Visitor: 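Let me begin by handing over the structure; questions about it come next.
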Number of protein chains: 2
Amino acid sequence: MREAERFNGSAPKRGSDGRSLTPRKTGGFVTIKDVAAHAGVSIATVSRAINDNGYVATDVKARVLASMQELGFRPSQRARSMRSSRTMSIGAIVSELVNPVHLEFLRGVESAANESGYVVLVVSSQGSPEKERESLGRLVAERVDGVVLGTFVGGRRSLDILAEHNIAHVPPAGPVSEALNSAWMRAEAAATHEMGRRLVELGHKRVAYVVFQETPGRRAPGYHHKARYEVLRELFGAAGVALDMVNLAGLPAEGAPAEEIVQAARSVDPPTAWVACNHILLPYLLDGLAGLGIPEDVSVVGYGDSIWAEAYRPPITVVSHDTYREARALTSMLLDSINGRPLAPEGVEYRSQFIERSSVGPARR
Amino acid sequence: MREAERFNGSAPKRGSDGRSLTPRKTGGFVTIKDVAAHAGVSIATVSRAINDNGYVATDVKARVLASMQELGFRPSQRARSMRSSRTMSIGAIVSELVNPVHLEFLRGVESAANESGYVVLVVSSQGSPEKERESLGRLVAERVDGVVLGTFVGGRRSLDILAEHNIAHVPPAGPVSEALNSAWMRAEAAATHEMGRRLVELGHKRVAYVVFQETPGRRAPGYHHKARYEVLRELFGAAGVALDMVNLAGLPAEGAPAEEIVQAARSVDPPTAWVACNHILLPYLLDGLAGLGIPEDVSVVGYGDSIWAEAYRPPITVVSHDTYREARALTSMLLDSINGRPLAPEGVEYRSQFIERSSVGPARR
DNA sequence: CTGTTAGCGCATTCAT
DNA sequence: ATGAATGCGCTAACAG
């Protein structure tokens with residue numbers, strides 16, 4: 001049997017022609033009215049029974065619940081939101097769905113949201129501020145109760161969309177251009193500083209910091225790596241260590257190592273330590289450095305940890321933080337705010353850490 | 001400034017106390033009524049202007065559009081769905097948000113959905129059939145127009161939830177217990193067969209197939225690896241190669257290699273080739289095999305590709321398919337069906353491939 | 001304790 | 001070409 005046939009059979013589409021003249025009868029879903037009729041009560045009673053709200057005689061309630069079961073009734077959350085102005089949904093936005101760290105983020109958001117009965121709308125900006133605004137607009141149209149910002153690229157203008165529509169969001173809007181979230185930034189800066197000091201200690205004199213190049217249409221989630229870069233620049237400046245920014249035009253093509261990395265590694269005075277600003281860059285960096293011994297020839301550091309970084313030989317040194325935990329905490333905070341619950345006074349606790357593994361060693365002389 | 005304070009300031013919650021006496025005025029969103037008042041027309045005219053539907057005088061239309069702009073009006077998709085029985089949303093369900101392959105899947109779903117103006121609700125089952133049903137129930141409550149099944153664990157009973165509510169879904173429901181999707185399975189079986197033949201050819205006499213152990217509360221997305229295992233068992237049976245199933249109780253703890261793998265590798269007659277049934281298992285497998293030379297001592301094969309598998313030294317041989325492309329195609333198919341568009345007669349084209357890299361070599365004698 | 005009613009935001013029909 | 005009125009499914013106010 002062909003695929004398409006089986007598909008058709010399994011999923012008859014509702015309201016088949018796109019333009020029936022009368023409002024379609026809710027696409028064949030069981031409604032509260034059906035339940036009311038079946039149980040021989042009014043819809044108000046059904047509503048009360050569902051929500052355990054107001055007075056309902058015990059036997060009546062039992063009858064209603066039985067009818068619900070039998071008919072397979074699921075109250076429409078959409079209809080509910082019409083009245084309550086709560087949609088029980090939140091949005092999560094990330095720049096691109098390619099970085100395993102984003103998956104950690106989504107996992108955190110989803111788990112915290114689900115625990116509180118919320119669903120998560122996932123949208124991405126694909127690195128484009130324009131696309132980002134479009135995606136946020138979609139979340140507005142869906143009237144999500146709040147938005148968790150993973151990575152975002154549009155800066156203040158994007159946030160204004162949410163502010164304009166009075167949609168709660170985390171992290172809170174600070175001066176985005178400086179640092180999205182100062183607590184996060186502080187933790188990250190401290191760990192970055194620690195990492196930098198270690199490289200200095202090991203005698204590295206030239207360090208490469210690998211980032212994605214920004215283009216007009218495609219921006220990197222800016223506040224992260226720029227601030228880190230500043231930390232390193234300052235530290236290295238004082239210690240007499242050169243810091244090269246290596247810009248990748250994009251994700252290298254399949255099988256071909258990144259040209260920019262290969263070039264930099266072949267230069268007259270090549271870096272003896274390489275830092276990938278981004279977890280997704282790390283494997284590409286490693287691929288680009290193929291042939292060089294780690295850490296005999298070059299040391300390697302990544303941002304963001306994963307089982308792969310740990311399983312790599314040698315295991316890769318990273319600066320990382322528990323994205324899952326932080327996303328969970330951030331989401332809980334958002335939901336607390338939405339529901340008027342008291343917020344934890346300390347906010348989300350960010351803990352970046354420098355995890356030294358054997359990919360880092362003394363600079364080659 | 002403390003986190004919580006900044007947060008509160010940035011996201012004033014709407015309808016602060018949980019029980020205002022009158023229906024809340026839509027949480028402060030601009031409505032079609034506001035636009036109508038501002039433009040000095042009726043709401044019907046605004047509606048027509050937005051949707052380019054029916055007759056609207058050109059100048060009136062311009063005025064309405066200007067008012068929309070000025071007021072920052074975004075039509076509520078939720079209110080729209082009330083009438084149209086189309087929510088312009090679809091659900092995507094995966095077992096767990098940990099496997100990078102799932103991220104590829106979500107990326108495919110999201111991109112295809114967005115192109116058609118749909119938003120994606122992401123839910124997970126966390127490997128539990130019960131949780132899966134709950135999550136699907138949430139999607140039903142949200143009245144999604146369709147669901148893309150990534151991995152799922154609840155079998156027929158889960159699908160029945162969708163069928164009961166007449167919600168379109170892909171892949172189509174076949175006899176789940178045998179194979180969710182025969183086209184997919186065929187492609188996967190062919191590539192698996194090729195991989196197995198190669199191992200035989202290289203003289204391997206004992207092969208380990210590493211999977212996650214199922215427990216009552218936690219099931220592996222079954223149809224994948226069982227079917228593959230069968231392919232290998234048959235092939236190896238004929239060739240006189242032993243096939244060991246190595247069950248991992250769960251994800252190994254941080255830093256500690258999986259006990260089950262270490263044990264099997266140390267046995268009297270250890271496997272000379274190892275196959276990870278799952279991309280997320282691969283790094284754990286590599287970690288567990290640490291100390292053994294690849295491919296001198298043991299050969300390694302993974303299911304599902306990623307840049308990490310490629311960047312690993314040696315690069316890891318995999319059986320993989322383009323999850324992103326397939327998820328996109330699957331989603332497009334779902335949307336075509338929902339919108340009554342003709343379906344591509346051939347359905348989704350699945351292409352599994354055996355990608356041999358240097359992690360596979362002759363069996364050690 | 002229960003039923004009737006109004007209205008959430010929007011698209012649509014029917015009058016004008 | 002436009003406006004008034006209706007109803008999608010549901011909850012909450014009010015009247016029995």
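What you are looking at is a predicted structure, and each value in this text was computed from that prediction instead of being measured. Reminder, nothing fancy here: chain letters follow the sequence lines and each chain counts from 1.
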Visitor: Round to a whole Å and report the spacing from NE2 of A:H165 to P of C:dG9.
Guide: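 Nearest whole value for this atom pair: 15 Å.
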Visitor: OP1 or OP2 of C:dT12 versus the side-chain N and O atoms of B:N53: is any pair under 4.0 Å?
Guide: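 Yes, within the criterion.
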Visitor: What residues from residues 59-67 of chain A pass a heavy-atom cutoff of under 4.0 Å to DNA chain D?
Guide: none
Visitor: In whole angstrom, give the distance that lies between atom CZ of B:F29 and atom P of C:dC10.
Guide: 11 Å
Visitor: D:dC8 C1' sits how many Å from B:R86 CZ, rounded?
Guide: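 Rounded to whole Å, this separation is 15 Å.
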Visitor: Whether A:T31 contacts D:dG9 is assessed here as follows: a side-chain N or O lying under 4.0 Å from the phosphate OP1 or OP2. Is that the case?
Guide: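 A:T31 to D:dG9 OP1/OP2: no side-chain N or O under 4.0 Å.
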Visitor: Base of D:dG3, side chain of B:R48 - is there a donor-acceptor contact under 3.5 Å?
Guide: yes
Visitor: Using only side-chain N and O atoms of A:T45, determine if any of them is under 4.0 Å from OP1 or OP2 of C:dG3.
Guide: yes
Visitor: For C:dG3, take OP1 and OP2 only and decide whether either is under 4.0 Å from a side-chain N or O of A:S42.
Guide: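 The answer is yes; a side-chain N or O of A:S42 sits under 4.0 Å from OP1 or OP2.
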Visitor: Spell out yes or no: do the side chain of A:R78 and the base of D:dG9 have one donor N/O and one acceptor N/O closer than 3.5 Å?
Guide: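 No pair found.
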Visitor: For B:S81, does its backbone N or O pair with a side-chain atom of B:T87 as donor and acceptor, under 3.5 Å?
Guide: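 Answer holds: no.
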Visitor: Do A:T151 side-chain atoms and A:S95 backbone N/O form a donor-acceptor pair below 3.5 Å?
Guide: yes
Visitor: Let me know the distance between CD1 of B:I43 and P of D:dA1, rounded to the nearest Å.
Guide: 20 Å
Visitor: Rounded to the nearest Å, what distance is computed from the CD1 atom of residue A:I32 to the C1' atom of nucleotide C:dG3?
Guide: 13 Å
Visitor: Using a heavy-atom cut-off of 4.0 Å across all strands, would you classify B:V46 as base, sugar-phosphate, or nothing?
Guide: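 Nothing, no heavy atom under 4.0 Å.
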Visitor: Applying a 4.0 Å non-hydrogen cut-off, can you work out what B:A57 is touching in the nucleic acid: base, sugar-phosphate, or nothing?
Guide: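 B:A57: backbone/sugar contact only, no base atoms under 4.0 Å.
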Visitor: Could you work out, with side chain to side chain donor-acceptor pair (under 3.5 Å) as the rule, every residue matching A:K61, not counting sequence neighbours?
Guide: A:D52
Visitor: Which residue lies toward the 5' end of DNA chain C, B:I50 or A:Y55, if each is placed at its nearest nucleotide?
Guide: A:Y55
Visitor: Could you tell me whether the side chain of A:S337 reaches within less than 4.5 Å of the side chain of A:L334, counting heavy atoms only?
Guide: no
Visitor: Hey, what do you get for CD1 (B:I43) to CZ (B:R48), rounding to the nearest 0.5 Å?
Guide: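 B:I43 atom CD1 to B:R48 atom CZ measures 10.0 Å (nearest 0.5 Å).
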Visitor: Calculate the interatomic distance between B:K33 atom NZ and C:dA11 atom C1'; express it in whole Å.
Guide: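 Atom NZ in B:K33 sits about 15 Å away from atom C1' in C:dA11.
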Visitor: Atom CD of A:Q77 to atom C1' of D:dT11: distance rounded to whole Å?
Guide: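 In whole Å, D:dT11 C1' and A:Q77 CD are 12 Å from each other.
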Visitor: Taking the side chain as everything from C-beta on, heavy atoms only, tell me whether A:V120 gets closer than 4.5 Å to A:L106.
Guide: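 A side-chain contact under 4.5 Å is absent here.
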Visitor: Tell me whether the count of non-hydrogen atoms from other residues, nucleotides or ligands lying under 6.0 Å of CD in A:E130 goes above 12.
Guide: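 Count not over threshold, so no.
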Visitor: Counting the atoms with a prime plus P, OP1 and OP2 as sugar-phosphate, which does A:S76 contact under 4.0 Å by heavy atoms, base, sugar-phosphate, or nothing?
Guide: sugar-phosphate
Visitor: Measure the distance from CE on B:M82 to C1' on D:dC8 and round it to the nearest whole Å.
Guide: 5 Å
Visitor: Does any N or O in the side chain of A:S135 come within less than 3.5 Å of the main-chain N or O of A:S124, such that one atom is a donor and the other an acceptor?
Guide: yes
Visitor: Could you check which of C:dG3, D:dT11, D:dG3 has an atom nearest any side-chain atom of A:R80?
Guide: D:dT11
